[in-house]
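Notes follow once the structure below has been shown.
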Amino acid sequence: MNLLKPLTATPSDKKVYIETYGCQMNVNDSEVVLSILQDCGYRYTEQIEQADLILANTCSIRDNAEQRIWGRIDQFHLQRKKRPVIVGILGCMAERLKEKLIENGKVDIVVGPDSYRKLPELLKAAQEGQKGVETTLSREETYAELTPTRLDKNGVSAFISIMRGCNNVCSYCVVPYTRGAERSREPGSIVREACQLFENGYREVTLLGQNVDSYHWKSEGQDVDFADLLEKVAQINPLLRVRFSTSYPSDISDKLLKVMASYDNICRHIHLPVQSGSNPMLEKMRRKYTREWYLERVAAIRREVPGCSLTTDIIAGFCGETEQDHQDTLSLMEEVGYDFAFMFQYSERPGTLAARKYEDDVPAKVKTQRLEEIIALQMKKSEERYASMVGTEQLVLVEGPSKKGEGQLCGRASNYMMCVFPDKQHTAGDYVKVKVVGATPATLLCELV
Ligand code: SAH
Ligand code: SF4
Ligand code: F3S
């Protein structure tokens, strides 16, 4: 390589288009990728027809997520027939499938989640016709000092990755293979990023990790756990709301709940994925808690952080799941009363422990039926939970105009429920007090107080 020729020599009229799939961490990764690309002369475009570089930041969590990407790759290929375009696949599917993604001749570069700093090099080679695959996982990379180029539309709420990877080995899950080992990001860089966002007008940050409760930074006299970090971010300014996701049930600590209770700007919402309400299933899934432990944590949350809303993830039809196991999930849902849930059918992922060890033996029809029952129950619970808010007052952070109609604004209550209300005085980033006058299973209908 000619070291005298900087990698930033790409002409500045090059445009990059990026599609993001999967979790919020992936959205944040796309923002990191854009920041790296802007430093080497690319400008962001929302129009695929204008792009010189088309990227998809992908997800492998379920088979249907990957099937969707294969479909997109065909679509990207149509663009190539019109003009010279580089096509790149990033993220978890890049990490999982590596060279397989370039075999059909439709993809030029494949870059895994820990290799985004290599993008300028790979792009330069791709411009010279050389395909590239870079999927080395790292034990250190956290992109700590990079300032993500924000992709959010409202300029009010942003995501901050506080850690990468995952050290759990849930038997169904591909993430430890696609994202590598867990590592925490230096706390100073997290606080600086949140401060900067606040100064730029943002009023809400969400701290992201696959298991935020195991965040731990230890070096040179510093020993910072997640509760400490959350407190540091909450102290930046009372007008900066702080959220976090995801909490792993066996790691959520009393110390964390106490910190939440002490700061009004730490939002009253915990996403606490249960996956199943059956102990034999939880054990097979290698989740490190029992139904009883989970319910005890829920009780602790209700006790320490009154009014805290709970949301969850549920998998229907995991290997060997019996009707009784399924009923246990329904009864747990009934008992907890989640505000919202992400609900999925089990999808076997190659290479995971479950794929190697257990038969994916619940028939598709049964999986579908169980999932439908889970969704129907959740719908009923959401309806109850939202209806129970009628008559209460909520502090809403305005996100902008609502799609529900002219003259209506929307924003979330501290407990994450979406509020809609007629209002002509306020704009995105304002805090407003509202009274809840009606509810649907996913929205609170409000009036200004
Ligand atoms: N780290 C988070 C989950 C990240 S993945 C946690 O442990 O809670 C998001 C959700 O996808 C999981 O909570 C799980 O419900 C679902 N999921 C993961 N692997 C899956 C699979 N193989 N089939 C179906 N759903 C899956
Ligand atoms: Fe996957 Fe489990 Fe890690 Fe969540 S905690 S990312 S489900 S392995
Ligand atoms: Fe998907 Fe990877 Fe996130 S598999 S859910 S994009 S960590």
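Small disclaimer: the values here were computed from a predicted structure and weren't measured. One-based numbering, in listed order, for ligands and for the atoms of each.
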At the 4.0 Å heavy-atom cut-off, does R287 count as touching ligand 1? yes

Judged by non-hydrogen atoms, does I315 sit under 4.0 Å from ligand 1? yes

Given G165, P176, C173, which one has a non-hydrogen atom that is nearest to atom 1 (Fe) of ligand 2? C173

What's the separation between atom OG1 in T290 and atom CG in L295, rounded to the nearest 0.5 Å?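 Atom-to-atom, T290:OG1 and L295:CG are 8.5 Å apart.
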
Roughly how far, to the nearest 0.5 Å, is the OG atom of S30 from the CD1 atom of I18? 3.5 Å

Going by the order shown, which atoms of ligand 1 are within less than 4.0 Å of some heavy atom of [X]?
X    : value
Y346 : 22 (N), 23 (N), 24 (C)
R62  : 11 (O), 16 (C), 17 (N), 23 (N), 24 (C), 25 (N), 26 (C)
P273 : 8 (O)
Q345 : 23 (N), 24 (C)

Report the nearest protein non-hydrogen atom to [atom]: residue, atom name, distance rounded to 0.1 Å.
atom                    : answer
atom 7 (S) of ligand 2  : Y172 OH, 3.4 Å
atom 5 (S) of ligand 1  : I61 CD1, 3.5 Å
atom 21 (C) of ligand 1 : S347 O, 3.6 Å
atom 19 (N) of ligand 1 : Y172 CD1, 3.2 Å
atom 4 (C) of ligand 1  : Q210 OE1, 3.3 Å
atom 3 (Fe) of ligand 2 : C166 SG, 2.3 Å
atom 2 (Fe) of ligand 2 : C170 SG, 2.3 Å
atom 14 (C) of ligand 1 : Q275 OE1, 3.3 Å
atom 5 (S) of ligand 2  : N168 ND2, 3.3 Å

With the threshold set at 4.0 Å, does a side-chain nitrogen-carboxylate oxygen contact exist between [X] and [Y]?
X    : Y    : result
K381 : E384 : yes
D63  : R68  : no
D325 : R370 : no
R185 : E193 : yes
R164 : E141 : no
R286 : E283 : no
E66  : R349 : yes

Could you tell me whether the side chains of Y172 and R62 share a donor-acceptor contact shorter than 3.5 Å?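 Result is no, nothing qualifies.
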
Below 3.5 Å, N or O to N or O, backbone or side chain included: is there any such pair between D313 and ligand 1?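 Yes, at least one N or O pair falls under 3.5 Å.
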
Can you list, by chain and residue number, the protein N, O or S atoms under 2.8 Å from atom 2 (Fe) of ligand 3?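 Metal shell, protein only: C92 SG.
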
Cation-aromatic face contact R412/Y416, 6.0 Å, 45 degrees: yes

Assess R287 for proximity to ligand 2: is some non-hydrogen atom of it under 4.0 Å away? yes

Going by heavy atoms in the side chains, are [X] and [Y] under 4.5 Å from each other?
X    : Y    : answer
V110 : M93  : no
H269 : T311 : yes
I73  : I69  : yes
V156 : V398 : no

Within the 4.0 Å heavy-atom shell around Q210, which atoms of ligand 3 are there?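 Per the distance check, 7 (S).
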
